[in-house]
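Take a look at the structure below.
The figures that follow rest on heavy atoms only: side chains count, while hydrogens, waters and symmetry mates do not. Nothing fancy with the numbering, it's 1 onward along the sequence. This structure is a prediction, so every number in the text was calculated from the model and none was measured.
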Amino acid sequence: MALKQALFQAKKDGSDLTQIVHYSDRGSQYVSTGYTQDLKALGVQLSVGSTGDSYDNALAESVNSAYKAEMVKDRLFDSVARLELETAEWVRWWNRVRLHQGLGYRTPQEVVDGALVVL
């Protein structure tokens, strides 16, 4: 779902799809031939963590933790559609507005010069 939303938003914004970086762990759904071929056909850059490396998922887990704490925890949504919409808005805020200490108090968008990073 996150990937579909990112691709939709990138196309809507007129972004260059070759600037999208899709990071995943080595889960079977993310390394399947069909999935990766579809991403490559769109020009999406693939980034897959190394097997057995405890740090390969650290950034993704950090983002997931922040999402749960800042957006989902202790909230009830009236529909899945509402949750999806608010999640898309949160991801946009995370990438384009929120300043990240680890990035020198810049946004991910600023760091990658207009690229959309998908976690």
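- Annotation: side-chain hydrogen bond (donor to acceptor under 3.5 Å, both in side chains) contacts of R98 (sequence neighbours excluded): H100.
- For the pair N95 and V91, the minimum side-chain heavy-atom distance is below 4.5 Å.
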Take V72 and W90 through the side chain to side chain contact (heavy atoms under 4.5 Å, CB included) test and state the conclusion after the steps.
CA-CA 10 Å; V72 178; W90 186 88; over 6 Å; no
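- Summarising the geometry, atom CG belonging to L83 is positioned 11.0 Å from atom CG belonging to L76; distances are rounded to the nearest 0.5 Å.
- One hydrophobic cluster, built from ILVMFWY side chains closer than 4.5 Å, holds both V63 and V97.
- The line from CD of E70 to CH2 of W93 is 4.5 Å long, rounded to the nearest 0.5 Å.
- Not counting sequence neighbours, the partners of D13 by the salt bridge (Lys or Arg N to Asp or Glu O under 4.0 Å) test are R92, R96.
- The backbone N or O of S79 lies less than 3.5 Å from no partner atom in the side chain of R82, so there is not a single donor-acceptor pair.
- Interatomic distance, CG of L99 versus CD of E110, reported as 7.0 Å (0.5 Å rounding).
- The side-chain hydrogen bond (donor to acceptor under 3.5 Å, both in side chains) check on E89 picks up nothing, with sequence neighbours excluded.
- When the side chains of ILVMFWY residues are joined at heavy-atom separations under 4.5 Å, either directly or via intervening members, Y105 and W94 end up in two distinct hydrophobic clusters.
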